[in-house]
Protein chains: 2
Amino acid sequence: MSKQELVVLDESDDAEACCPGLLTAPLAEGQAVELAKVFKALGDPVRLRLLSMIASRSGGEVCVCDLTPAFELSQPTISHHLKLLRQAGLIDCERRGTWVHYWLVPEMTDRLAGLLTRPAGEPLPERTAPVGAAS
Amino acid sequence: MSKQELVVLDESDDAEACCPGLLTAPLAEGQAVELAKVFKALGDPVRLRLLSMIASRSGGEVCVCDLTPAFELSQPTISHHLKLLRQAGLIDCERRGTWVHYWLVPEMTDRLAGLLTRPAGEPLPERTAPVGAAS
DNA sequence: ATCTTGTATTGACAGACGTCAATCCAACTG
DNA sequence: CAGTTGGATTGACGTCTGTCAATACAAGAT
């Protein structure tokens, strides 16, 4: 059940794929395609709340039976959203007896946070006084 | 042309909306809806590359005429994607004479990075040796 | 083995999304 | 003024996505 696609996360891809950062160099098409899958998984309110509930759980794990009743959605719908989050590599799960437990994959959120963080000390090019002051 | 919706970014919303962080507390539904709009804007390879090209520009600005030829897509399609990024509050633009210039709104990417960053020192609950070792 | 409960999968359907051709608008040019 | 060019908007079309009812599967209970 665990680990089925694991979209991104592998650094050993395009040779220079260490941490260009999205904001510092023009993202390559292949990387953009992979990254978009992860962001798309985050692009739904229900999935964001699911991820948040899973990540903020003290024990680090949540049972599906604790997630489903928090939404006014059918159980299959919740299961569907959890599947998408898992395919994006954001969470993982394991069946333990009767119940299935989910937990966050922090490496993925760390990676996203890193991609969205601009290198400290960037000039921040003075956007406030338009050069031409046109129109 | 600039500033038309500006989805998120306003901290003065739910009183305690300082920086709960998405990974530390169960996101409220309203906030999830707003946040999802931004992540959805990032959930497309073309938009990710556009944002990357805009953000990594040395001068801090890019003319649309420099963006369009980088894709094998029609000009209206690129314009459409730029509009979505702008509505998400990730970029902004201004017409200067004949050309329209786009630039990154770093406050938004900073905010996203912050939301995805887990507070340093979190236990990282030992995921590797499943308690029950079931299945 | 049968029943019951927790979770995943399937199939269907309405609405959203990405794309383009056609068109429109703004600004510069002659 | 008309003509040209950069860019946005409109309308249409096929695909993807979120949702549910129905069903299937897994594991404990009887």
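Order of the sequence lines sets the chain letters (A, B, ...), proteins ahead of strands, with each chain counted from 1.
For the residue pair A:A25 and B:S56, the shortest heavy atom distance occurs at N-CB, 3.3 Å.
At whole-Å resolution of the value, CG in A:L73 and P in C:dT7 are 16 Å apart. Between B:K37 atom NZ and C:dC17 atom P the separation is 11 Å, expressed in whole Å. One atom, CD of A:Q75, and another, P of C:dT10, lie 14 Å apart when rounded to the nearest Å. Look at CD on B:E94: it is 13 Å from P on D:dA8, rounded to the nearest Å. The separation between A:L85 atom CG and D:dG18 atom P is 10 Å, rounded to whole Å. Put simply, CG on A:D44 is 5 Å from P on D:dG18, counting in whole angstrom units. Between the NZ atom of A:K83 and the P atom of D:dC25 there is a distance of 15 Å, given to the nearest Å. Atom pair A:R95:CZ and D:dA27:C1' shows a separation of 7 Å (rounding to whole Å applied).
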Q: For side-chain contact (heavy atoms from CB on, under 4.5 Å), just list the numbers for A:L82 and A:R47, CA-CA rounded to whole Å, side-chain angles, deciding distance to a tenth of an Å, and then say yes or no.
A: CA-CA 7 Å; A:L82 288 172; A:R47 289 196 292 272; over 6 Å; no

Q.
Run the side-chain contact (heavy atoms from CB on, under 4.5 Å) test on A:H101 and A:E61 for me, step by step, so that the C-alpha distance in whole Å, both residues' side-chain angles and the decisive distance to 0.1 Å come before the verdict.
A. CA-CA 6 Å; A:H101 297 256; A:E61 292 186 2; 3.6 Å; yes

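Residue A:Y102 has no polar side-chain atom (N or O) positioned under 4.0 Å from OP1 or OP2 of C:dG6. For B:T77, no side-chain nitrogen or oxygen approaches OP1 or OP2 of C:dT19 to under 4.0 Å. For the OP1/OP2 pair of C:dT19 and a distance below 4.0 Å, the side-chain nitrogens and oxygens of B:H81 include at least one atom meeting the criterion. Here B:T98 does not reach the OP1 or OP2 of C:dA27: none of its side-chain N or O atoms lies under 4.0 Å away.
Among D:dC20, D:dA8, C:dT7, the nucleotide with an atom closest to any side-chain atom of A:V100 is C:dT7. When distances are taken from the side chain of A:P76 to each of C:dT9, C:dG18, C:dT19, the shortest belongs to C:dT9. Picking from C:dA8, D:dG28, D:dT17 the nucleotide with the shortest atom distance to the side chain of A:K40 gives D:dT17. Distances were taken from every side-chain heavy atom of B:L84 (C-beta onward) to each of C:dT9, D:dT9, C:dG18; the shortest belongs to C:dG18. Of all nucleotides listed (C:dA27, D:dT19, C:dT19), C:dT19 comes nearest to the side chain of B:H80.
Between the CG atom in B:L67 and the NE2 atom in B:H81 there is a gap of 12.5 Å [rounded to 0.5 Å]. Atoms CE and CZ, from B:M53 and B:F71 in turn, are 5.5 Å apart once rounded to the nearest 0.5 Å. For the atom pair CG (A:L35) and CZ (A:R111), the distance works out to 6.0 Å, reported to the nearest 0.5 Å.
Proximity of B:T117 to B:L23: side-chain heavy atoms (C-beta onward) are nowhere separated by under 4.5 Å.
Among the heavy atoms of the strands, none lies under 4.0 Å from B:L82.
Using a 4.5 Å cut-off between side-chain heavy atoms of Ile, Leu, Val, Met, Phe, Trp and Tyr, with links allowed through other members, A:L22 and B:L84 fall into different hydrophobic clusters.
The stretch residues 62-70 of chain B touches DNA chain D through B:C63, B:V64, B:C65, each having a heavy atom within less than 4.0 Å of the strand.
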